[in-house]
Amino acid sequence: MTDDLRDRLRGAFRWTDPGPPADYLVSDRSGWWRDPVILHGLGPALADLFRAARPTVVVSPEVTGFLLGPLVAHALGVGFVEAYRAGARRAIAEPMIWTEVPADHRGDAQHLGVRRRLLADDDRVLVVDDWASTGAQARGLRRLLGNRYLGTAVIVDECPPEVTAELSIRSLLAGSDLDP
Ligand SMILES: O=P(O)(O)OC[C@H]1O[C@H](OP(=O)(O)OP(=O)(O)O)[C@H](O)[C@@H]1O
């Protein structure tokens, strides 16, 4: 199943040329969510990367993580906690734990926060996201979670190998699988 899923992920992915003045391609991941077979298979496939580590909860950064994280949590039979990006919406009223996220692939400094009451000291937390580029989200959430952090499951990992190893990132595809 996972090899079929990898093929479908490659087939449903697009690089888009935004045109001048941009001189780069942008990733279009929307085909992944539009394909019912991919949507059905993604949760279990990402869950299997860390199932043996027995996560008790999934945490994902907004916004794509809010789509993907619950699929993985459901496959693991655990709950889901949102990690919000500061400034992306109205302030959240409940007490939060915030962490600074190192400058990401676009060079922006960010803060991620989770509602304090949703994480127990003995939780074993799996971070889920669609893509790891520099590992900034994973690194920020590892700092926020401390010893509760198990690792990060992503669809695509294009981090340098030492970052992948340091942050325990596991993926279905490497960046090179999607070369334009
Ligand atoms: O490893 P990093 O350098 O942290 O980069 C990975 C992040 O980049 C993307 O977020 P982006 O804001 O582009 O997309 P999203 O808002 O759709 O989640 C992706 O969803 C990850 O969250």
Side-chain angles (χ1 to χ4, degrees), residues 5-6 9-10 12-18 22-35 38-39 41-43 45-47 49-50 55 57-73 80-92 96-115 125-146 149-180:
L5 182 63
R6 287 192 180 96
L9 286 166
R10 279 192 287 263
F13 179 83
R14 296 282 181 276
W15 288 107
T16 304
D17 183 350
D23 60 354
Y24 50 81
L25 300 176
V26 295
S27 63
D28 176 10
R29 296 157 276 171
S30 59
W32 291 342
W33 328 129
R34 182 65 179 85
D35 181 334
I38 293 178
L39 201 62
L42 266 180
L46 288 168
L49 299 175
F50 279 92
V57 64
V58 168
V59 171
S60 299
E62 73 173 309
V63 57
T64 306
F66 286 9
L67 183 162
L68 198 52
L71 297 177
V72 180
F80 173 72
V81 172
E82 311 103 303
Y84 289 97
R85 287 184 172 152
R89 59 184 64 252
R90 280 185 295 180
I92 296 165
M96 302 286 286
I97 316 171
W98 290 101
T99 187
E100 184 171 339
V101 175
D104 71 1
H105 59 289
R106 288 173 297 213
D108 299 329
Q110 301 173 14
H111 288 81
L112 282 174
V114 302
R115 288 182 174 85
V125 182
L126 175 61
V127 172
V128 171
D129 206 347
D130 61 331
W131 200 290
S133 179
T134 65
Q137 317 299 311
R139 190 177 299 282
L141 287 170
R142 183 181 65 166
R143 183 182 306 127
L144 183 153
L145 295 165
Y149 178 85
L150 287 178
T152 295
V154 294
I155 300 174
V156 181
D157 176 19
E158 59 175 5
C159 294
E162 62 274 15
V163 173
T164 295
E166 182 204 343
L167 297 173
S168 301
I169 296 172
R170 298 178 191 169
S171 67
L172 300 176
L173 298 175
S176 57
D177 289 322
L178 299 174
D179 278 344

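Atoms within a ligand are numbered from 1 in the order they appear, just like the ligands themselves. Note: hydrogens, waters and symmetry copies are ignored here, and every other heavy atom, side chains too, is used.
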Specify the closest pair of heavy atoms between Ala83 and Leu112, including all atoms of both residues, with the distance to one decimal. O-CD2, 3.9 Å
Nearest heavy-atom approach of Leu144 to Ile97 is CD1-O, 3.4 Å
For Gly135, the ligand 1 atoms with a heavy-atom partner under 4.0 Å come out as 1 (O), 2 (P), 3 (O)
What about Trp131: any of its N or O atoms under 3.5 Å from an N or O on ligand 1? no
Which of the numbered atoms in ligand 1 are under 4.0 angstrom from any heavy atom belonging to Val63? 15 (P), 16 (O), 17 (O), 18 (O)
Tell me whether Arg143 contacts the main-chain N or O of Glu100 through its side chain, where contact means a donor paired with an acceptor under 3.5 Å. yes
Would you please classify the geometry between the Trp131 ring and the Trp32 ring as parallel, tilted or perpendicular, with 30° and 60° separating the classes? parallel
For Ala132, the atoms of ligand 1 under 4.0 Å from one of its heavy atoms are 1 (O)
Quick check: closest heavy atoms across Trp15 and Leu178, and the distance to 0.1 Å? NE1-O, 2.5 Å
Gap between atom OG1 of Thr164 and atom CD1 of Ile169 - 0.5 Å precision: 5.0 Å
Ligand 1 to Arg85, heavy atom cutoff 4.0 Å, flagged ligand atoms 10 (O), 12 (O), 16 (O), 22 (O)
Where does Asp130 meet ligand 1, judged by heavy-atom distances below 4.0 Å: at the side chain, the backbone, both, or neither? side chain
Do NZ/NE/NH1/NH2 and the carboxylate oxygens of Asp130 and Arg29 come within less than 4.0 Å? yes
Within 4.0 Å of some non-hydrogen atom of Asp129, the atoms of ligand 1 are 20 (O), 21 (C), 22 (O)
Just by modelled atom types, is the Leu173 backbone N or O under 3.5 Å from a matching donor or acceptor in the Arg6 side chain? no
So is there a nitrogen or oxygen of Pro61 less than 3.5 Å from a nitrogen or oxygen in ligand 1? no
contact_flag Arg139 ligand 1 heavy-atom lt 4.0 Å: no
With a cut-off of 4.0 Å, which atoms of ligand 1 are near a heavy atom of Gln137? 4 (O), 7 (C), 22 (O)
Below 4.0 Å, non-hydrogen atoms only: which portion of Gln110 touches ligand 1? Side chain, backbone, both or neither. neither
